[in-house]
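All remarks here apply to the structure that follows.
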Amino acid sequence: MIKAVIFDMDGVLVDSEPKNLEQMRGFYKSYGTEVDDAFMHSLVGSSYTYTYTESMRVMHMDWPMEKFKEKLDDYCKLHAFGYDEVLNPGVKETLIWLREHGYKTAVASSSAMHQIQTMENVCDLVGCFDELLSGEMFHESKPNPEIYLTAAKKLKVKPEECIAVEDSSYGIAAGNAAGMRVLAYADDRYGVDQSKAYARIHHMQEIKTYLND
């Protein structure tokens, strides 16, 4: 019996991947680095460590991670977008319905905590989640299942009593490894393999279909 639904953020709650990739491409260009679409798509859903490592490779830099993070954060602040502009349809309504019907909810995202909290505030979702978990809280982010296992523990439910809603292959792998039922929020723009998910959904309210099947 499903008791909790745990959401990834980028690409699931908010359609922020195009904006994130636009920021990254602009950041590379500001340092004289041009990258192709295949490289950009390889970053979708990846861990921050992977993004850092690959960025240093293509930029031919050897910055420590903190310097990379500082410079990328500064660039993104100058070229910011509003999460409310890219909130996916039906998110708030579905979250309210879940909580009204006794389901626990959480965010488990590879994004930084300040980004998750900004999204929660800007999209008027404060109070819609029982827990917020960021990949920066863990030694390894997705596809390591630790973030999902920790979310279940904090929600006081078993992993098999959870649905994980994901979009990337890394996230789907993490949810599966944690023993959860994984729903893939359908996205065919970046060539991401979503075939390992339990099912694909095209709208948030479809989650209701899989709570008791």
For [X], does the [atom1] atom have more than 12 heavy-atom neighbours from other residues, nucleotides or ligands under 6.0 Å away?
X	atom1	value
His202	NE2	yes
Asp36	CG	yes
Lys156	NZ	no

Any heavy-atom pair between the side chains of [Y] and [X] that's under 4.5 Å?
X	Y	result
Asn88	Leu13	no
Met204	Phe7	yes
Cys162	Val157	yes
Asp62	Met56	no

Can you hop from [X] to [Y] via hydrophobic side chains spaced under 4.5 Å?
X	Y	result
Leu149	Phe138	no
Met9	Val192	no
Met180	Ile172	no
Tyr170	Ile6	no
Tyr31	Val58	yes

Less than 4.0 Å between a side-chain N and a carboxylate O, is that true for [Y] and [X]?
X	Y	value
Arg200	Asp167	no
Glu54	Arg57	yes
Lys142	Glu166	yes

Looking only at side-chain N and O atoms, does [Y] offer a donor or acceptor that is under 3.5 Å from a partner on [X]?
X	Y	result
Asp8	Ser168	no
Ser55	Tyr28	yes
Ser169	Asp193	no
Ser110	Ser47	no

### Smallest separation among heavy atoms of Leu43 and Ser46, with atom names
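Answer, listing the atom of Leu43 first, then Ser46: O-OG, 2.8 Å.
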### Minimum heavy-atom distance Pro18-Arg189, with the two atoms named
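Answer, listing the atom of Pro18 first, then Arg189: CG-NH1, 3.4 Å.
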To the closest 0.5 Å, what do you measure between [atom1] ([X]) and [atom2] ([Y])?
X	Y	atom1	atom2	answer
Cys76	Lys71	SG	NZ	13.5 Å
Ile96	Leu125	CD1	CG	8.5 Å
Lys104	Leu98	NZ	CG	14.0 Å
Glu131	Thr105	CD	OG1	9.5 Å
Ile147	Ser109	CD1	OG	7.0 Å
Lys29	Met24	NZ	CE	15.0 Å

Angle between ring planes, [X] versus [Y], binned at 30° and 60°: parallel, tilted or perpendicular?
X	Y	value
Tyr190	His41	perpendicular
Tyr198	Tyr210	perpendicular
Phe81	Tyr83	perpendicular

### Task
Could you walk me through whether Asp130 and Arg99 pass the salt bridge (Lys or Arg N to Asp or Glu O under 4.0 Å) test, one step at a time?
CA-CA 9 Å; Asp130 295 291; Arg99 293 178 68 75; 3.0 Å; yes
### Query
Is the gap between the ring centers of Tyr52 and Tyr48 under 6.0 Å?
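No, ring centres 6.0 Å or more apart.
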### Message
Closer than 3.5 angstrom, by distance alone: can the side chain of Asn144 be matched with the main-chain N or O of Glu140 as a donor-acceptor pair?
### Response
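Flag not set: sc Asn144 to bb Glu140 has no pair under 3.5 Å.
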### Message
Taking salt bridge (charged side-chain N to carboxylate O under 4.0 Å, His left out) as the definition, give me every residue that meets it alongside Asp74, ordered by chain and number, with sequence neighbours left out.
### Response
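Checked Asp74 against salt bridge (charged side-chain N to carboxylate O under 4.0 Å, His left out); zero matches.
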### salt bridge (charged side-chain N to carboxylate O under 4.0 Å, His left out) partners for Lys3, two or more places apart
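In terms of salt bridge (charged side-chain N to carboxylate O under 4.0 Å, His left out), with neighbours along the sequence ignored, Lys3 is linked to Glu161.
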### Task
Given salt bridge (Lys or Arg N to Asp or Glu O under 4.0 Å), test Arg25 with Asp37 step by step and report yes or no.
CA-CA 9 Å; Arg25 193 187 290 274; Asp37 288 346; 2.6 Å; yes
